[in-house]
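All values reported here derive from a predicted model rather than from experimental measurement.
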Amino acid sequence: MAETKQAGPGWSRRKVLKGLGVGGLAAGATIGSSVNNFAIGQSQRTVRIWTTQSAPDQVKIYRDMISEFEAKNPRIKIALELVSNDDIYPKLAAAHAAGQPPEICSNTNTAVPGALYGNKLLEPLNDVAKEIDFTPESLAAFNDGGEQFAFGAALTVITTMWVRTDLLAAEGLSVPKHWDEYTAAIKAMTKNGVYGTALPYGKGAFANRIMDMFIRQAGGDIVAPDMSVVFDNPGTHRALEFLKEIRPYSPPGANNYSFGETLNAFVTGASAIGIYSGRTLVNIWAQNPGLKDKVKAAFYAYPRDGQRYWCSGYDAYFINKGSRVNVDEAKEFTRFHYSPGPYTKFVHGAVGHNLPVVKSVAASPIYQDHPILKAHQADIDTMMAIASEAHINIKPTARHPFIYKMGDIYGSNVMAEVLQRVVVNGETPKAAAAWGQDRIAQIMKG
Amino acid sequence: MKVATDLESRDRRLGILLLLPAVVLFALLILYPFGNSLWLSFNRINTMTLASSFTGLSNYREVLSSPEFWQSLVTTMVWTVGSLVLQVGLGVAVALMLHQNLWFRSLARGLILFPYLLPMVVAVLVWKWLFNDLYGVINHLLMSAGIIAMPVDWLGSMPNAMIAIILIGGWKYFPFVVLAVLARLQTIPEQLYEAARVDGASAFARFFDITLPQLRNVLAIIVLLRAIWDFKEFDLIYMMTGGGPVSSTETLPLLVYKQAFPLMQMGKAAATAMLMMAVMSLFMVVYFRARRRFEDA
C-alpha cells in the first residue's frame, strides 16, 4: 500500500481535497455573483449628452429631468456634460476622430449638425420626428431631401437687438431701424460710463454670427447658391467698414467678447444697445431687475438701402453616429425630452431664450403661465416676428441649398478673424476680405 | 571554458530579458506615438472623418511656406523667453528672500506655492476677472490712481495681450523656481559666506561670487525644463486669449490645435508638431553644447 503523502504539516490529501472543494464552491458562488452583477451592469447603457446650456437653473432642470427619466428607465444611465458654445465643434471633431462621440448634443449652433451630416456622422431621426408634434419650420430647418438629421432644441433668436428705452428717450431718440440711425444713437448714448453698444469682436462663434448677419444686410454673401465662394464682395467690405466705424462705441474689451461678455455688458447696464436672444430677459430678471421695464426687443438695424436680414436659428439637437453610440437609448431619451412635461420645464429653464419648437407646448397654458413671458409678451412677439423672417446659417436664403461646409467655416473662426484684422490690425476691408475669401475657398475645397 | 561560455550566454539572455520591459515601454510610449505622428504628417487627413490620402512632404512644404507658421514661431519665442526671464528672476529673488530668517518663514514658504498648485482654469478665470474691461480690479485701481482715464483693453489689443499672458505665466510658474533654488541654497556651506565676509566681500560680491556659481547647475536644469514646458504651453494662452487678438498670441501649440480641430487638417497639424519638435531639439542641442563649453571653461 502506498504511503499517504502529506501536503503540509498535519494536512492529509483528504483534508486538502475537502478544502479545495469548499474553496471551489465559495469561489464559484463569488464568480456567479460577479457574473450576475456584470450582467446587470452590461444591460445598463449610458447615454452621454453634451449641452451648451450651462446656466445653473438650466443644469438643475436638466438633472431633474434626467433623474425622472432614469427612474422610469433603470437600464439607461444619462451622463450630462457641459460644453462651451465656442468649443463644441472642435471637441466634437476630436470625439468623432477618437470614435467616442457623445450620443446626444443639445443646443449647438445650426452649423454643427450641418457639418456632421455633411460627413455622414449623424443618425437619421425620421422615426422620432413622427411621434412628436414639432413645428413644421423647425423640422424643415434640419431636413435634407426627406432625411431628418437633427431637431431644433429650441428657437433662439440670437440677433435680437435689445435697447434701453430710458437712455434712448433721454436723447430724444426712437429705436434705430437703420445703420445711420443706429450709429447716431450709439454715439449719443456713449457717455457717463455707458457704451452705446456692445458687439462681440472676439475671435469666436458670436463674431462669426454677427459678421454673417451684417454682410448679408449689406447685400453680400459668403458662399453663393452655386456653391462658389463669394466672400470678397462689396457687401463684406461695407459691413467691415461699418463694424470698424462703430467699434469705439463698444466697451474697450470688446475685441475679446463672445456670448457671455456681450450679454453681461447689456444686462449690467454698461451698454445701451445689446445683441442676444431672450436670455437677456432671464438675466435681467435675475441679476438686474431694475432694468426690467427699461428694455425692449427690436429688429437689429440694417442699412437703409440694404437687406432685411437676421440670423436666428434653431439651437440644434441631434444624435451622433458611431459604433459605440447607444442609438436606441438616445432616441428613448429624446422622446422623453420632447414630451410635454419635461420639455416645458426645459424651455422654462431659459424662458424667452429657448422658445418652444413643440406645438402643443407652445400653445399650452402651463408654458405660457410664466412671469417673464407674461411681463414681456411684446418682446416675445418681436422675437417671433424676427424668427419668421430670419435664416439659419446652413441655409442662408431660400435660394441657397444646404451648405454643410458652413460648420467648417464657422468652426475655423475665419470670419471673426477677418473682423479682427480690420478692427485690431487696421487692415483695409478689401485686404482682409481677400484673405478671408482665400481661407474659405480652402475650407470648401478640403 | 565551455562552462564559462554557457554562463556568459545565460547572463546575456538574462540581461536582455531584464531590459525587455523597459524597451517595450519605450516603444509603446515614445516610438509608437512618434512614428504615428510622423506617418500622419505625410498624409492629408480630415480630422472628423479620418479620410486620408498619402501626400508625401506636401504638408511640410505648405507649413514651411506659410507666414502663419513663422509668425507663430516668433510668438512662441517671445512668450517662452519673456515668461522664462520673469519666472527665473522672480523665483531666484523670492528664494533668496525666503532663505533669510524671516518671521513666518515656514508659512511664507508654503504660501508661495499657491499659484503653482492652483488649477490653471481657476487661475485663468481669476485673472480674466482682474483684467476685465468693465469690472476688473486692475483697471479700477489704475483709474482711481489717475494713471489711466479710460479702461484699458488688456486682452484684446497688442502688446497688452502678450504682456498679460507673460505676467500670468511668470506668476503661475515662478514657485517651481523658488522650490528648486531654495533647496539648493540650503546646501551651500555657510563657511563660504563667513570666509567671504572675513575677506570683506560685499553682499553683491557674495551673491555673484558664491551664490550664483553654486546655483549654476540647478538654474541650468530649471531653464531647460521650464523652456521646454513653456514652449509647449497651451492651456493658459488658449483660455486667456484664444491666440488673439487676430493671431498675435497664437503660439505653435495653438496653431497645431487650430489646424487639427477647427480646420480639420490633421496631417498639417502633425507636420507642424514635428517641426515644433525639431525646433525644440535644436534648442536643446545648442543649450547642451553651450553648457559643456561653459563647464569646460
Residue-level contacts of residues 262-269 of chain B with chain A, using a heavy-atom cutoff under 4.5 Å: Pro262(B), Leu263(B), Met264(B)
Pick one of side chain, backbone, both or neither for [X], based on which atoms fall under 4.5 Å of a heavy atom in chain B.
X         : result
Ala254(A) : backbone
Tyr201(A) : neither
Tyr410(A) : neither

Val424(A) to Pro245(B) - nearest heavy-atom pair and separation: CG1-CB, 3.7 Å
For Thr241(B) against Asn256(A), the heavy-atom pair lying closest together: O-OD1, 4.3 Å
Among Glu68(B), Arg44(B), Lys258(B), residue most engaged with chain A (heavy-atom pairs, under 4.5 Å): Glu68(B)
Heavy-atom side-chain contact between Lys203(A) and Val246(B) under 4.5 Å: no
Between Asp133(B) and Tyr195(A), a side-chain donor and acceptor under 3.5 Å: no
Chain A contact via [X] - which portion, at a heavy-atom distance below 4.5 Å:
X         : value
Leu155(B) : both
Ser247(B) : both
Phe131(B) : neither

